[in-house]
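Predicted model, so just to flag it, every value in this text is computed and none were measured.
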Amino acid sequence: MPGAGKSTQGNLLSKQFRIPYLSTGHIFREIAKEKTKLGRYVKEVITAGHLINDNNTIEIVNEYLSRREYSRGYILDGFPRTVIQAKKFENPIDKVVYLEIPDKEALWRLAYRHDDRDDDTIEAIRRRVEIFHKFTEPVINFYGKEDKLVTLEGTRVIEEVNEEILKSLGKQVIKNKIHDWKQEHKIIIGVVGLSGSGKTEASHYLAEKGLAIVSFSRIVNNYIDKLKLEHTQVLHKKVREEFREKHGMAAMAILSEDEIKDKFKENQTIVIEGLYSWEEYTYLKEKFADVSIYLLAIYADKHLRYKRISERVHRSKLYGEDRDIDELIKLNKGAPIAFADFLVKNNFSLDEFHDKLDMVYRTIYYSLF
């Protein structure tokens with residue numbers, strides 16, 4: 001039922017089993033933000049508390065599950081929601097976990113949560129609970145007849161529910177691990193983008209997931225701080241040019257090479273904050289030939305970037321079209337942005353930005369192992 005804690009348990013299981021978690025509700029809320037015919041349709045339907053039609057739902061879920069990151073398995077949240085979806089869904093489902101809670105508990109949880117969803121009005125919440133009884137309860141019976149169903153009490157604390165789910169799968173947590181597993185392959189994620197796009201925020205968010213950070217942009221900033229000089233666009237340009245006169249266009253990668261090697265001694269994945277030039281990228285590929293290197297481009301509309309920079313405590317005047325052109329052409333930043341493996345748009349809320357970064361990270365992480 002809505003509010004039973006599906007996303008909480010799904011995210012926990014994803015971390016424990018190291019397979020990706022896919023929420024159809026999250027997918028539809030993302031589609032609803034798009035200025036397309038499908039986006040408008042999805043927004044109207046979920047705002048009213050109704051279900052997306054079966055054919056659209058199955059098509060969208062199948063498209064996601066055809067991606068490489070889901071080839072090793074997946075955790076589905078909120079799908080199938082009708083018997084038609086269950087019958088038409090051709091991908092394998094090994095186990096169905098039903099988190100059972102009373103209607104009153106579901107209504108209370110949904111009414112008092114704080115994620116500001118369009119479908120969390122009181123009327124829409126009641127409609128979603130009604131729809132669950134009408135369309136989704138038959139799905140529970142469907143999987144029960146296939147001997148795949150596990151029914152658990154969903155009102156207990158998160159840890160207890162998680163423990164019961166694991167038991168139903170024949171697993172248990174020992175020292176915070178389901179089984180012995182180690183990431184063997186090394187990864188570098190180079191975060192690229194124009195100033196103010198959100199590279200630092202993206203890097204810090206990935207760091208919270210336990211990834212090591214090496215900051216290329218810090219090199220110039222620390223050098224100027226050491227000289228106790230004011231951060232100006234002219235001075236930043238002058239310092240970068242001096243570094244590149246001495247080391248070439250791959251200067252920041254060259255100056256960070258030892259730090260990257262040190263970080264790899266204790267980490268399997270490293271995030272490069274503020275990769276600038278194409279030459280830095282090719283230098284890393286040459287020096288770390290056994291490492292998979294991905295470029296993650298962060299984009300934000302120009303007026304938003306300038307506003308963000310102007311509100312910084314430090315270097316609040318370092319923005320404008322001249323700086324953008326200088327970064328794109330003279331610093332050769334345009335090439336790695338254009339060649340990026342992933343593009344994340346950072347025009348909206350921080351939560352949405354983090355959601356998109358999560359999707360990129362899952363794609364990289366689960367495609368390799």
Legend entry - Lys95 atom NZ: more than 12 heavy-atom contacts under 6.0 Å: yes

Legend entry - Check: Asp358/Tyr21 side-chain N/O donor and acceptor closer than 3.5 Å: no

Legend entry - Flag for Tyr283-Glu257: side-chain donor and acceptor within less than 3.5 Å: yes

Legend entry - Close side-chain approach of Thr155 to Glu100, heavy-atom, < 4.5 Å: no

Inset, instruction - Report, as yes or no, whether the 6.0 Å neighbourhood of atom CD on Glu230 holds more than 12 heavy atoms from other residues, nucleotides or ligands. - result: no

Legend entry - Donor-acceptor under 3.5 Å (Arg156 side chain, Val161 main chain): no

Inset, instruction - Please say whether more than 12 non-hydrogen atoms of neighbouring residues, nucleotides or ligands are located less than 6.0 Å from CZ in Arg126. - result: no

Inset, instruction - Determine whether Tyr64 and Leu22 make a side-chain contact, defined as any pair of heavy atoms from C-beta on separated by less than 4.5 Å. - result: yes

Inset, instruction - For Lys285, look at atom NZ and say whether over 12 heavy atoms of other residues, nucleotides or ligands are found less than 6.0 Å away. - result: no

Inset, instruction - Side-chain contact test, heavy atoms from C-beta onward, threshold under 4.5 Å: evaluate it for Asn267 versus Leu211 and give yes or no. - result: no

Legend entry - Phe89 ring center near Phe79 ring center (under 6.0 Å): yes

Legend entry - Glu327 and Ser195 side chains, donor-acceptor separation under 3.5 Å: yes

Legend entry - Any donor-acceptor pair under 3.5 Å from Lys148 side chain to Ile93 backbone: yes

Legend entry - Any donor-acceptor N or O pair under 3.5 Å, side chains Ser7, Asp77: no

Legend entry - Residue pair Val45 / Tyr41, side-chain heavy-atom distance below 4.5 Å: yes

Inset, instruction - Check the angle between the aromatic planes of His236 and His231 and answer parallel, tilted or perpendicular using the 30° and 60° thresholds. - result: tilted

Inset, instruction - Would you check if the side chain of Asn332 reaches a backbone N or O of Leu328 as a donor-acceptor pair within less than 3.5 Å? - result: no

Legend entry - Enclosure of Lys33 NZ (heavy-atom neighbours >12, cutoff 6.0 Å): yes

Legend entry - Exceeds 12 heavy-atom contacts within 6.0 angstrom, atom CD of Glu90: no

Inset, instruction - State plainly whether the residues Arg244 and Glu280 are in salt-bridge range, i.e. N to O under 4.0 Å. - result: yes

Inset, instruction - I would like to know whether Leu206 and Thr269 meet side chain to side chain contact (heavy atoms under 4.5 Å, CB included); could you show each step before the answer? - result: CA-CA 10 Å; Leu206 293 173; Thr269 303; over 6 Å; no

Inset, instruction - Could you walk me through whether Phe353 and Val344 pass the side chain to side chain contact (heavy atoms under 4.5 Å, CB included) test, one step at a time? - result: CA-CA 8 Å; Phe353 185 40; Val344 169; 3.5 Å; yes

Inset, instruction - Answer yes if the side chains of His354 and Glu201 hold a donor-acceptor pair under 3.5 Å, and no otherwise. - result: yes

Inset, instruction - Kindly indicate whether a cation-pi arrangement holds for Arg128 with Phe132, taking the cut-offs as under 6.0 Å to the six-membered ring centre and within 45° of the axis. - result: no

Inset, instruction - Evaluate whether atom CG of Leu235 has more than 12 neighbouring non-hydrogen atoms of other residues, nucleotides or ligands under 6.0 angstrom away. - result: yes

Inset, instruction - Mind telling me whether Phe243 and His247 have parallel, tilted or perpendicular rings, with 30° and 60° as the class edges? - result: tilted

